[in-house]
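Below is one structure, written out as structure tokens, with a few remarks after it.
Treat the numbers as computed from the prediction; the structure is a model and nothing was measured. Numbers restart at 1 for each chain; the letters A, B, ... are given by sequence-line order, proteins then strands.
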Protein chains: 2
Amino acid sequence: MDDIDLMRDFNRYYTRRIGVLNDEYLGQGRPLGEARLLFEIGAGVDLRDLRRRLGLDSGYLSRMLRSLSAQGLVSVAPRPGDARVRTATLTSAGQRELADLEERSRASVAGLLEPLSADQRSRLVGAQAEIQRLLRLAAITLTPVPDSSAAARSCLRSYAAELAERFPEGYDAEGALLPPGTLHDGTFLLATEEDTPIACGLWQRLAPILASPSPVAPASSAPSPSPSSSAPSPSAPSPSAPSPSLPSRAAEIRHLWVSPSARGLGLARRLLAALEADAAAHGVTTVRLGTHSSLGEAIALYRSAGYREIPPYDESPYNQLAFEKSL
Amino acid sequence: MDDIDLMRDFNRYYTRRIGVLNDEYLGQGRPLGEARLLFEIGAGVDLRDLRRRLGLDSGYLSRMLRSLSAQGLVSVAPRPGDARVRTATLTSAGQRELADLEERSRASVAGLLEPLSADQRSRLVGAQAEIQRLLRLAAITLTPVPDSSAAARSCLRSYAAELAERFPEGYDAEGALLPPGTLHDGTFLLATEEDTPIACGLWQRLAPILASPSPVAPASSAPSPSPSSSAPSPSAPSPSAPSPSLPSRAAEIRHLWVSPSARGLGLARRLLAALEADAAAHGVTTVRLGTHSSLGEAIALYRSAGYREIPPYDESPYNQLAFEKSL
DNA sequence: TCCAATCTAAGACCTGAGTCAGAGATTGCG
DNA sequence: CGCAATCTCTGACTCAGGTCTTAGATTGGA
């Protein structure tokens, strides 16, 4: 039995167990769809958002809401300001009903856990947390996007905001952040979880350094089918590339950032590996990066990913440390 | 957030993820119920069993089967020998269809696992295995039953069969097994998982030993509300009890057995603890047990559960080792 | 041999879930 | 202002899932 079969087996077992659990507390007279609605309508939600979040047809939603408001559990009213969209709110009876649902749900889970010792319970939730982390990580997709795209800029803004807060000296986004539309020889990777951006990073070809060994022919560095947003094949240097006609084999990784909500999943490591792989596929053999001495987790990540410290290679005031790795 | 909320959170996340996974491969044109039927009809099943296993209404099942056999996937025929029950079999087209379903299911799980490294995958399935073990353990119920009940005897038969195989000298069930209906001062605990017996064990009051300290008044050993099948309250000794009018405060644990299908769950430990608790609730202060030197896991269990070795206290040829614990 | 029990088939019926097309209301923008 | 876009409601429709009842076939045991 391989991993796949083991997982299928677990899925069958778990969904069956949890299925009866859910029936136990949800199926108390109320149709499932309505119960889910009650859960989702916290304190006023636009119907539009409800539909999107639950993936419902507008007619279907409208009908369920009608039923719920006939039962006096929710009230639907046009949103002040824009009367096209309507918002649903729980009435006080609805809140009671929801609390009741929650309580029943808690009770049925408690009944399930009851025969287990405290130690066994904590092992159970520990294993669940591990699974959830890994599944989240697996559900995150990495896509190359233009560095000027809205999602990319929003990630970079969050990145800059966080650095401004963490660096004792603050962070000058204007001066230090990659200006939009200037990444011509490299790739901006965006990580999204259920269509919301949660992490990013980019690699960018470095101008050849005079002290570096003279460029050799790009012999076997054939263009690969790997995803790349903007980098042309190595034999066709981009217009913005500096004087030498052969592209540099050194690149820099910059702006690696993971949203706080996605930390602890191992996403930074995955993103870093993806950036390296993409750069390597474009003929890059050496990647460098600079970082701030206050970013302990990042430094630990680079070290454990095979980077070794080198003297700082640029003048950015924020890059007190620099690292390098051969691909 | 306590264990219960953590588990609810995980349930929501997991069922949602797995839900879309299932829709992906099951909802290919065929209704879910029919797909489940295909899975369940392996090589010939009685409709009666199908109904019981899936919890279906006879009319509903009959309708689905009609539809499946109209599609040429299953054939239903009266069982030779008893024409009241009918059996369903997959046709060769049905088998192909099932193989196809399985393949799609594997593919969708594989797609989910694809972004994970081998190490992450093995951590995932490891955590799943842990959860499954703990949930199985939690789903097992311990019930006191008469030692002559069919379920009890079936467990004891399996127990004897296993010992006969494991002991180099064999096992004489006639001589060594508790005869049915003879447990008058003690409790036979049966462990069942989804209504099938999977483990058992019993405690039985020992006749007072002459060398033991003289019996004290059973002062505070009040009868407790704990479950007990046959043991009368300590103040009313059973007719079969030997001469002294006060019940012995020593008991013996015997015939502790866990079906191979339920090993590794920690069930033996739970069963042992339940037996001790039940005995203690009946005024027992010392439990003893004997075991065979070849039963390494059992010996390790007793040691780790707080038993200390004592000299053998009876003449059973199978009890080369004896243990004792004060409750 | 006959009766009760068992098992299944079939039909009527119901509910929930979900889709679709069209009509109204409201708003933003040229 | 008027038009297009957005959002919602409504009703008609389909389908899966499931229950209930009745009837018929078969069998085992009195």
Side-chain angles (χ1 to χ4, degrees), chain A residues 15-16 19-20 22-41 44-71 73-89 101, chain B residues 15-16 19-20 22-41 44-71 73-89 101:
Chain A
T15 50
R16 195 162 54 90
V20 302
N22 281 348
D23 293 352
E24 221 169 86
Y25 79 91
L26 276 183
Q28 303 280 22
R30 191 173 315 292
L32 223 105
E34 294 186 5
R36 272 199 300 245
L37 266 190
L38 283 181
F39 269 111
E40 213 64 32
I41 306 172
V45 198
D46 289 357
L47 298 200
R48 170 175 52 179
D49 296 339
L50 261 187
R51 272 217 318 278
R52 194 150 34 83
R53 220 180 316 162
L54 297 178
L56 296 175
D57 174 83
S58 77
Y60 185 24
L61 174 62
S62 152
R63 193 152 17 104
M64 280 196 292
L65 283 177
R66 211 187 322 156
S67 154
L68 282 176
S69 70
Q71 296 168 57
L73 300 178
V74 309
S75 65
V76 182
R79 182 172 66 182
D82 187 344
R84 282 174 307 180
V85 312
R86 292 161 62 91
T87 51
T89 347
L101 268 176
Chain B
T15 49
R16 195 162 53 89
V20 302
N22 282 347
D23 293 351
E24 219 168 88
Y25 79 91
L26 276 182
Q28 303 280 20
R30 191 174 315 294
L32 224 106
E34 294 186 4
R36 272 200 299 248
L37 266 191
L38 284 182
F39 269 112
E40 213 63 35
I41 306 172
V45 198
D46 290 357
L47 298 199
R48 169 175 50 178
D49 296 339
L50 262 185
R51 271 216 317 278
R52 194 149 34 83
R53 222 181 312 164
L54 298 177
L56 296 175
D57 174 84
S58 78
Y60 186 24
L61 174 62
S62 151
R63 193 156 14 111
M64 281 195 292
L65 284 177
R66 213 186 320 155
S67 153
L68 282 176
S69 71
Q71 296 169 59
L73 300 178
V74 307
S75 65
V76 183
R79 182 171 67 182
D82 187 343
R84 281 174 308 182
V85 312
R86 291 161 60 93
T87 52
T89 349
L101 268 175

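Looking only at side-chain heavy atoms (C-beta outward), A:Arg30 and A:Leu73 come within less than 4.5 Å of each other. Using a 4.5 Å heavy-atom threshold, the side chains of A:Leu65 and A:Ile41 count as touching. Side-chain contact check for A:Leu38 versus A:Glu34: every heavy-atom pair is 4.5 Å or farther apart.
With B:Glu40 as the partner, the salt bridge (Lys or Arg N to Asp or Glu O under 4.0 Å) test is satisfied by one option alone out of B:Arg51, B:Arg52, B:Arg53: B:Arg53.
Atom pair A:Leu61:CG and D:dT8:P shows a separation of 8 Å (rounding to whole Å applied). Summarising the geometry, the separation between CZ on A:Arg48 and C1' on D:dC9 is reported as 16 Å, rounded to the nearest angstrom. At whole-Å resolution of the value, CG in A:Leu50 and C1' in D:dC7 are 14 Å apart. One atom, CG of B:Leu47, and another, C1' of C:dA9, lie 10 Å apart when rounded to the nearest Å. One atom, CG of B:Asp49, and another, P of C:dT6, lie 16 Å apart when rounded to the nearest Å. One interatomic measurement links the two molecules: CG of A:Asp46 to P of D:dT8, which rounds to 7 Å at whole-angstrom precision. One atom, CG of A:Leu68, and another, P of D:dC9, lie 13 Å apart when rounded to the nearest Å.
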- Message: Let's go through B:Arg48 and B:Arg79 carefully: what are the C-alpha distance in whole Å and the side-chain angles of both, what is the deciding distance for side chain to side chain contact (heavy atoms under 4.5 Å, CB included) to 0.1 Å, and is it a yes or a no?
- Response: CA-CA 11 Å; B:Arg48 169 175 50 178; B:Arg79 182 171 67 182; 3.5 Å; yes

- Task: Applying side chain to side chain contact (heavy atoms under 4.5 Å, CB included), run through A:Leu61 and A:Leu54 and close with a yes or a no.
- Result: CA-CA 10 Å; A:Leu61 174 62; A:Leu54 297 178; over 6 Å; no

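Close to C:dA10, at under 4.0 Å from its OP1 or OP2, lies a side-chain N or O of B:Arg66. Distances shorter than 4.0 Å separate none of the side-chain N or O atoms of A:Arg86 from OP1 or OP2 on C:dT26.
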- What is the per-nucleotide protein-contact pattern of nucleotides 17-30 of chain D, from the 5' end, where B denotes a base atom under 4.0 Å from a protein heavy atom, S denotes such proximity for sugar-phosphate atoms only, and - denotes neither? SBBB-----BS---

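Residue contacts for A:Arg51: at a heavy-atom cut-off of 4.0 Å it reaches the sugar-phosphate backbone alone, with no base atom in range.
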